[in-house]
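Quick note on labels: first sequence line is chain A, next is B, and so on, each numbered from 1. Both backbone and side-chain heavy atoms feed into the values below; hydrogens, waters and symmetry mates do not.
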Amino acid sequence: MSDNKKQKRRIYKPKSISGFPEWLPEIRRAEQVWFEHIQKVFESYGFCNIETPSVETLDTINAKGGDGGADVDKEVYILERLHKDESDKEARLALHFDQTIPLARYTAQHFNDLVFPFKRYQMQRVWRGERPQAGRFREFYQCDIDVINVDQLPLHFDAEMPAIIWEVLSSLPGMENENIQIRISNKAILIGLFQHLEIKNNISEITRIIDKKAKTTEEQYVKSMLENGLNVKQIEQIEDVITSKNIKDIPYYNNDMEDGIAELSFVLEQLSHLPEGAVVADLSIVRGLDYYTGTVYETVFNKDPSYGSICSGGRYDDLASNYINKKLPGVGISIGFSRLFDCIRAKGQLPDLGKSPADILMILPSEKRRKTASQTARLLRNRGYNVELSHGGKIKRQLAYAQKKGIAYVWFPPFEDGLDHEVKNMNTSEQKPASPNEWSKND
RNA sequence: GCGACCGUAGUUCAGCUGGUAGAACACUCGGUUGUGAUCCGAGACGUCGCGGGUUCGAGCCCCGUCGGUCGCCCCA
């Protein structure tokens with residue numbers, strides 16, 4: 001190629017798109033291991049998998065409406081054709097920003113064909129148009145489990161969710177030294193309290209302040225509460241409730257509160273087999289999407305709660321009332337997979353799985369030996385090993401290739417008929433004769 | 001949506017008070033004949049994010065713009 005021609009070629013320098021993470025093969029391998037692990041635990045509890053399209057119609061997304069709707073709207077990404085002209089009337093499509101709305105729509109749509117209680121898990125990407133920052137993405141994975149039933153859903157499911165989550169999170173490779181905590185509350189308690197205190201205005205603002213209490217000073221907290229129309233006595237009564245160390249000590253003033261406390265203590269009791277501190281009541285958890293009505297969950301790194309929740313969820317009385325004329329209560333929880341994964345990745349705690357899934361690199365000594373090499377590779381694959389047939393070239397390059405890719409064993413087929421196969425362990429540098437029919441990693 | 005900081009080879013960065021670019025790592029090849037990580041040698045790779053301005057002259061100064069990082073908001 002001439003220099004002229006070379007200069008004319010315009011290079012569009014690739015740049016990462018903020019908030020849309022992508023990984024090198026070695027990281028992606030760990031990510032896949034995580035997915036497999038989560039899937040395995042979910043399925044061990046009998047949850048089945050579904051996958052829904054990346055998009056929902058805008059109508060479906062908007063049907064949720066309510067007070068949460070407006071805020072959520074701003075975060076929704078729209079998918080449309082580049083050359084769409086004004087007259088096109090096709091339905092506008094929205095990339096889903098969670099997996100709960102798709103689940104609601106799915107359940108309503110396939111109501112006749114589903115078996116209830118419907119227990120499903122879903123591990124897909126979701127999209128949110130926010131400013132990315134540490135632990136916060138615009139495209140990320142969530143791993144959701146939900147149980148949905150018709151008319152009534154037994155309360156024990158509220159306890160099953162955190163039990164499953166604890167099992168998943170505490171055993172993910174790389175999480176060994178992490179101290180996580182699932183915090184549980186019940187929205188009925190605060191709702192009942194607000195009713196009792198006759199708080200009717202600025203409820204969402206007040207709950208937000210309560211939620212952020214841990215991050216602010218006492219002075220600021222009281223000041224913002226006063227600014228939102230509360231009086232000192234109300235603030236004190238709220239304080240009594242949300243700081244109760246023991247559920248039995250929570251004062252209650254009406255049925256809502258009593259029910260909420262009863263539910264919360266039932267759920268906690270069901271979880272008493274978990275290690276101390278794994279699951280705790282925390283009445284200051286009031287955030288989360290507005291459709292939660294009872295139990296709510298939030299999960300944090302105990303040492304760094306400010307990283308944000310890595311797993312949240314709760315109970316909703318009526319998941320799909322906007323899509324079907326049935327009462328479908330449910331309870332679910334969602335692992336913020338990408339947030340969690342990225343945190344463990346950044347700390348360098350992911351297991352080192354190498355850049356390749358291959359167990360063995362089959363050396364190609366020369367073109368003449370290709371047949372032997374590929375036959376041996378096939379044989380070993382049939383025995384369950386992952387075997388990459390080398391691209392050939394100098395032996396030293398082939399070995400260097402295996403080393404760079406982190407392939408643990410290099411297999412030398414006989415260089416001439418009548419000679420032995422040999423296997424080299426790249427970690428110990430040990431090399432010895434081997435039989436393709438009998439060799440194992442422990443040899 | 002608001003605020004702070006940043007933008008030079010594939011990557012991490014250096015570049016003196018403005019005089020037209022360097023290092024390390026990574027990459028390719030070589031150090032003969034069947035064996036990696038080290039070592040040695042050679043090579044390739046940048047219109048210094050983009051656009052304008054000031055200047056005899058700008059990677060360095062000014063303005064704009066786009067992108068990135070981190071806070072806030074909100075959330076997984």
Side-chain angles (χ1 to χ4, degrees), chain A residues 6-21 24 68 70-76 96-100 123-144 165 169 204-205 207-208 211-212 215-216 285-290 297-301 306-314 332-343 346 361 363-366 368-369 390 392-416 419-420 422-431:
Chain A
K6 214 171 173 181
Q7 275 174 5
K8 272 182 190 165
R9 195 175 61 207
R10 164 76 206 209
I11 304 246
Y12 290 90
K13 197 172 174 178
K15 285 176 181 164
S16 53
I17 305 173
S18 178
F20 290 76
L24 292 170
D71 271 355
V72 153
D73 263 352
K74 287 185 274 183
E75 296 183 355
V76 172
H96 56 235
F97 65 91
D98 70 6
Q99 294 179 126
T100 305
M123 309 197 293
Q124 292 182 231
R125 286 178 162 147
V126 303
W127 294 267
R128 292 187 193 176
E130 295 188 272
R131 291 302 296 272
Q133 51 202 63
R136 179 198 214 166
F137 303 101
R138 298 196 286 197
E139 176 180 70
F140 58 98
Y141 283 103
Q142 289 191 319
C143 303
D144 284 32
I165 290 304
L169 296 186
S204 57
E205 186 57 30
T207 51
R208 193 168 298 134
D211 179 66
K212 286 168 68 179
K215 281 187 183 177
T216 51
I285 295 174
V286 289
R287 265 199 311 184
L289 297 171
D290 289 331
Y297 316 102
E298 209 170 278
T299 310
V300 292
F301 289 107
S306 64
Y307 187 67
S309 177
I310 49 171
C311 181
S312 305
I333 192 162
S334 171
I335 301 174
F337 182 98
S338 299
R339 170 175 290 180
L340 180 61
F341 182 78
D342 191 47
C343 174
L361 180 72
I363 292 288
L364 185 66
S366 66
K368 281 191 304 196
R369 308 302 293 172
S390 170
K394 293 187 172 181
I395 302 294
K396 67 185 296 188
R397 299 256 169 248
Q398 297 187 52
L399 281 171
Y401 175 79
Q403 194 259 320
K404 275 191 282 191
K405 284 193 94 171
I407 301 173
Y409 296 93
V410 170
W411 192 287
F412 295 93
F415 280 63
E416 290 168 41
L419 297 181
D420 279 339
E422 288 184 13
V423 179
K424 177 167 189 160
N425 179 327
M426 292 296 278
N427 297 319
T428 62
S429 294
E430 200 182 358
Q431 183 168 335

Using atom [atom1] in both nucleotides, what's the gap between [N] and [M] to the nearest angstrom?
N	M	atom1	value
B:rA76	B:rA37	C1'	41 Å
B:rC75	B:rU12	P	33 Å
B:rC25	B:rG41	P	12 Å
B:rG10	B:rC27	P	15 Å
B:rU20	B:rU55	C1'	14 Å
B:rG51	B:rG59	P	12 Å
B:rG43	B:rG22	P	15 Å
B:rA24	B:rA9	C1'	12 Å

Which of these nucleotides, B:rA76, B:rC74, B:rG34, is closest to any side-chain atom of A:R208? B:rC74
Among B:rG34, B:rG71, B:rG36, the one nearest any side-chain atom of A:A134 is B:rG71
Just checking [X]: base, sugar-phosphate only, or nothing, at a heavy-atom cut-off of under 4.0 Å?
X	result
A:Y401	nothing
A:Q398	nothing
A:S18	sugar-phosphate
A:Y141	nothing
A:A402	nothing
A:K394	sugar-phosphate
A:L419	base

Check whether any side-chain N or O of [X] sits under 4.0 Å from OP1 or OP2 of [N], and answer yes or no.
X	N	value
A:R397	B:rC27	no
A:K404	B:rC27	yes
A:R131	B:rG1	no
A:Q133	B:rG71	yes
A:S429	B:rU35	no

Do we see A:F337 stacking on the base of B:rA76, given a limit of 5.5 Å between centres and 30° between planes? no
Gap between atoms [atom1] and [atom2], on [X] and [N] respectively (whole Å):
X	N	atom1	atom2	answer
A:Q99	B:rC75	CD	C1'	15 Å
A:K424	B:rG34	NZ	P	15 Å
A:M123	B:rA76	CE	C1'	16 Å
A:K212	B:rC75	NZ	P	11 Å
A:Y409	B:rG36	OH	P	19 Å
A:L399	B:rA37	CG	C1'	11 Å
A:Q403	B:rA26	CD	C1'	14 Å
A:D342	B:rC75	CG	C1'	16 Å

Select from A:S312 and A:I17 the residue whose nearest nucleotide in RNA chain B is closer to the 5' end of that strand. A:I17
Between A:N425 and A:G19, which residue's closest nucleotide on RNA chain B lies nearer the 5′ terminus? A:N425
Should A:V423 and A:W411 be marked as a side chain to side chain contact (heavy atoms under 4.5 Å, CB included) after you check the CA-CA gap, both sets of side-chain angles, and the distance that decides it? CA-CA 5 Å; A:V423 179; A:W411 192 287; 3.1 Å; yes
Considering all heavy atoms, the nearest A:C143-A:M123 contact: SG-SD, 3.7 Å
Would you name the heavy atoms of A:R339 and A:Y307 that are closest together and state the gap between them? O-OH, 2.8 Å
Would you find a donor on one side and an acceptor on the other, under 3.5 Å apart, between the side chain of A:E75 and the backbone of A:F97? no
